[in-house]
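Letters go in sequence order (proteins before strands), and every chain restarts at 1.
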There are 2 protein chains.
Amino acid sequence: MTRKVTIRDLAEAAGVSVTTVSQILNGKGERFSIDTRTRVHQLQEEMGYVPDFNARNLIMRSAQTIGVIVPNLGNPFFSMFIKGVQSTSRDRHFIPLIFGANYDEDLEGYYLQELIKRAVDGLIIASSSITVDAIDNILKKNGIPYLLIDQNGGPSLDSVRIDDQRGGQIAAEYLLSLGHRKIAVVMPANPTDNLVVRLEGFKHHLAQAGVALPDEAYIISPMTKLGGYQATAAVIKQAPTAVFAVNDEMALGLIRGLHEQGVRVPEDISVLGYDDIDLDDYVVPKLSTVHQPVVTMGEQATTLLINRIQKRQLAPQTVELPVELQQRESTAPVSK
Amino acid sequence: MTRKVTIRDLAEAAGVSVTTVSQILNGKGERFSIDTRTRVHQLQEEMGYVPDFNARNLIMRSAQTIGVIVPNLGNPFFSMFIKGVQSTSRDRHFIPLIFGANYDEDLEGYYLQELIKRAVDGLIIASSSITVDAIDNILKKNGIPYLLIDQNGGPSLDSVRIDDQRGGQIAAEYLLSLGHRKIAVVMPANPTDNLVVRLEGFKHHLAQAGVALPDEAYIISPMTKLGGYQATAAVIKQAPTAVFAVNDEMALGLIRGLHEQGVRVPEDISVLGYDDIDLDDYVVPKLSTVHQPVVTMGEQATTLLINRIQKRQLAPQTVELPVELQQRESTAPVSK
DNA sequence: TTGTAAGCGTTATCAT
DNA sequence: ATGATAACGCTTACAA
């Protein structure tokens with residue numbers, strides 16, 4: 001491997017100054033003769049010149065990079081989110097640095113620090129446990145634009161808003177319409193803001209129909225397949241005719257658990273999820289759920305963030321995204 | 001947001017030179033008085049000084065960064081792989097830049113270029129379609145260390161080796177032991193190297209037992225859940241008593257397809273997967289499969305790569321990782 | 001139409 | 001025990 005070719009080498013070879021090369025290669029070369037322009041471009045190809053990233057960033061004070069922290073890359077919900085982030089980043093010539101924090105607060109802190117050290121231009125944080133403190137201290141202090149997902153109440157300037165209230169309502173009305181009146185909820189111990197409003201919406205619309213949701217109806221378990229599975233016994237103990245799991249992963253785990261206990265879904269118990277991950281169509285029974293447009297969420301989040309990076313003065317931006325019922329096989333009318 | 005504090009500000013505040021500060025902060029400050037040392041450290045805290053990443057990299061010619069390209073972040077197999085990569089990267093104080101290329105050759109090329117532009121110190125490529133050409137041209141030319149996954153035959157110096165031959169053998173012997181003699185295989189159109197040896201192993205051990213695998217027994221479909229699902233009709237047409245899917249995702253899709261057609265798994269047809277993703281335990285029936293230690297693969301790949309980055313002269317390194325049968329519910333003795 | 005030179009923030013060499 | 005000073009490779013006023 002030979003030494004890397006620098007802009008100076010290229011300039012020398014072309015018999016011009018580095019300024020000339022720099023300008024031309026950065027699309028600001030109208031003022032140079034067409035002759036030198038082509039010569040420079042040709043030599044670039046031949047010599048395989050690539051601008052040194054660090055040198056360039058040093059002077060431009062930007063690496064065209066955003067940081068993304070999600071709780072769990074293994075959850076298809078987040079891998080779809082990432083998909084949206086990656087495609088928009090590509091369009092905007094940014095690169096996302098992606099980290100899965102495994103629902104671990106220390107890990108989140110570590111990655112947050114690391115991303116800031118690396119001078120990312122902005123951040124998307126879809127992570128439960130990053131404290132508003134950390135955000136205020138670290139991000140605001142550094143003046144780094146950021147955007148919070150799953151934290152509607154958060155303090156970030158811009159936001160992509162999912163109407164979780166409405167999502168809860170949809171879930172409630174659907175279950176109600178099937179005749180369910182004894183309903184359980186499966187949720188995590190420390191729900192993020194979006195979850196609490198989702199659940200509020202759910203509870204509220206149930207109440208309107210005269211259906212109560214007592215404390216025992218809330219079953220606490222981690223938001224993973226395993227968490228859902230582990231909630232099985234508690235669910236059975238409640239003997240509901242339907243259960244609303246706050247995300248699909250839990251719903252899937254629960255369905256498996258129910259199956260093992262000989263409880264039929266949906267004949268004995270209906271199970272309704274939330275998110276609409278790709279898996280829903282492949283399990284038996286297919287999972288009914290509330291659809292979130294997660295790829296779009298990733299795209300919009302990225303768009304908003306990059307807009308802000310490029311124009312700090314922009315008025316706060318918000319985009320609202322709809323949720324909708326996705327009816328499949330895990331829910332059915334209550335049997336008398 | 002105030003201007004970023006530089007090493008010069010810190011030096012000034014401490015009443016010393018930048019050299020002093022730099023040395024002390026980089027752990028090379030034994031020669032300075034304990035007094036100045038503590039003063040510098042204290043001021044760093046107070047002023048919140050963080051070295052500028054780009055400036056530092058410019059002179060050190062390394063960003064402590066590796067690039068990782070996988071075909072599909074949505075496949076839990078790869079998200080587990082990433083998990084391994086991230087944890088080892090963390091231990092070694094590297095940051096992985098992760099991209100999912102959606103099985104798209106153009107995308108892979110784009111990301112490869114981008115990663116090289118960004119001067120990553122090394123690359124892990126777990127991607128099917130990156131041509132050996134591209135690798136030779138781009139990576140070798142730039143002298144960037146890299147490591148190929150799923151391409152055992154590839155030209156990379158170091159490698160983490162999974163004994164796919166043995167994996168195929170395990171699958172064959174297991175199916176044979178259950179009495180199966182009419183067997184189909186579900187595989188993609190352009191199998192990576194590891195897949196072809198896996199399949200060779202499978203075929204070979206079947207043949208040893210006198211069981212043939214004619215051309216029609218190979219059913220071609222994309223390596224996704226949908227791909228497996230779409231293979232359903234072709235599988236049924238073959239009327240095998242068992243099918244071996246080259247990865248779990250396909251197996252899952254196929255099981256769903258079979259279910260819809262009223263074919264019972266495993267009673268009518270046994271389905272054996274490959275990979276052992278977390279989902280296997282949650283579907284009905286639980287998926288029998290050949291386990292790959294994928295988190296370890298990610299960890300080892302990262303270890304080898306970083307070793308090489310730090311010591312270019314190292315002798316070629318190889319680590320061998322075992323596969324083993326993971327028997328669950330989707331396979332059963334052939335029924336007469 | 002082109003070039004000179006300053007400067008980005010850091011580390012490293014070599015004096016003192 | 002400490003500091004000048006020269007890089008690193010690039011962009012960009014400002015001159016010519």
Side-chain angles (χ1 to χ4, degrees), chain A residues 1-41 43-44 47-65 93 116-121 142, chain B residues 2-41 43-44 47-65 93 116-121 142-143:
Chain A
M1 164 212 190
T2 58
R3 211 180 53 79
K4 205 180 161 184
V5 19
T6 77
I7 196 175
R8 221 186 306 277
D9 301 332
L10 178 46
E12 205 162 319
V16 297
S17 78
V18 294
T19 307
T20 309
V21 175
S22 175
Q23 300 280 30
I24 290 178
L25 260 28
N26 287 309
K28 301 175 183 169
E30 312 81 17
R31 57 196 178 109
F32 297 100
S33 76
I34 185 75
D35 185 53
T36 30
R37 284 199 288 195
T38 51
R39 190 147 34 93
V40 165
H41 278 122
L43 282 182
Q44 176 193 23
M47 307 177 65
Y49 167 71
V50 178
D52 182 276
F53 188 69
N54 293 306
R56 184 169 221 269
N57 292 158
L58 173 55
I59 195 152
M60 317 271 318
R61 2 197 51 67
S62 158
Q64 302 279 96
T65 300
H93 304 289
I116 289 177
K117 264 214 318 242
R118 288 172 179 255
V120 292
D121 298 305
N142 285 275
Chain B
T2 59
R3 211 180 53 78
K4 206 180 159 185
V5 20
T6 77
I7 196 173
R8 221 184 306 275
D9 302 331
L10 178 47
E12 206 161 318
V16 298
S17 78
V18 294
T19 308
T20 308
V21 176
S22 174
Q23 300 278 26
I24 290 179
L25 261 29
N26 287 307
K28 301 175 183 170
E30 311 81 18
R31 58 197 178 108
F32 297 99
S33 76
I34 187 75
D35 184 53
T36 31
R37 283 199 292 199
T38 52
R39 189 149 33 94
V40 165
H41 277 120
L43 282 179
Q44 175 193 23
M47 308 178 64
Y49 166 72
V50 179
D52 181 275
F53 188 69
N54 292 307
R56 184 170 222 266
N57 292 159
L58 172 56
I59 193 144
M60 312 232 70
R61 6 195 44 74
S62 158
Q64 301 280 96
T65 300
H93 304 288
I116 289 178
K117 262 215 315 246
R118 286 172 181 258
V120 293
D121 298 306
N142 285 275

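With rounding to the nearest 0.5 Å, the separation of CG in A:D9 from OH in A:Y49 is 9.5 Å. Considering CZ of A:F53 and OG1 of A:T65, their distance stands at 5.0 Å, rounded to 0.5 Å. Here A:Q44 contributes atom CD and A:I7 contributes atom CD1; the two are 9.5 Å apart, rounded to the nearest 0.5 Å.
Rounded to an integer number of Å, the gap from CG of B:N57 to C1' of D:dG9 is 13 Å. Rounded to a whole Å, the CD1 atom of B:I34 is 16 Å from the C1' atom of D:dT2. Going from atom CD1 of B:I24 over to atom C1' of D:dG3 covers 12 Å, rounded to whole Å. Here the P atom of nucleotide C:dG9 and the CG atom of B:D9 are 9 Å apart, to the nearest Å. Distance A:K117 NZ to C:dG9 C1': 17 Å, rounded to the nearest Å.
Between A:N54 and B:R39, the residue whose closest nucleotide on DNA chain D is further toward the 5' end is B:R39. Projected onto DNA chain D by closest heavy-atom contact, B:L58 and B:S33 fall at different nucleotides, the more 5' of which corresponds to B:S33.
Phosphate contact (OP1/OP2 of D:dG9, side-chain N/O of B:R61, threshold under 4.0 Å): present.
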List the protein contact pattern of nucleotides 10-16 of chain D with one symbol per nucleotide (5' to 3'): B for base contact, S for sugar-phosphate-only contact, - for none; contact means a heavy-atom distance under 4.0 Å. BBBB---
The test is side chain to side chain contact (heavy atoms under 4.5 Å, CB included); show your working for A:S17 and A:T20 and say whether it passes. CA-CA 5 Å; A:S17 78; A:T20 309; 3.1 Å; yes
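Without hydrogens or angle criteria, B:N57 side chain to A:N54 main chain gives no donor-acceptor distance under 3.5 Å. Of the possible donor and acceptor atoms, none in the side chain of A:N26 sits under 3.5 Å from a partner among the backbone N and O of A:K28.
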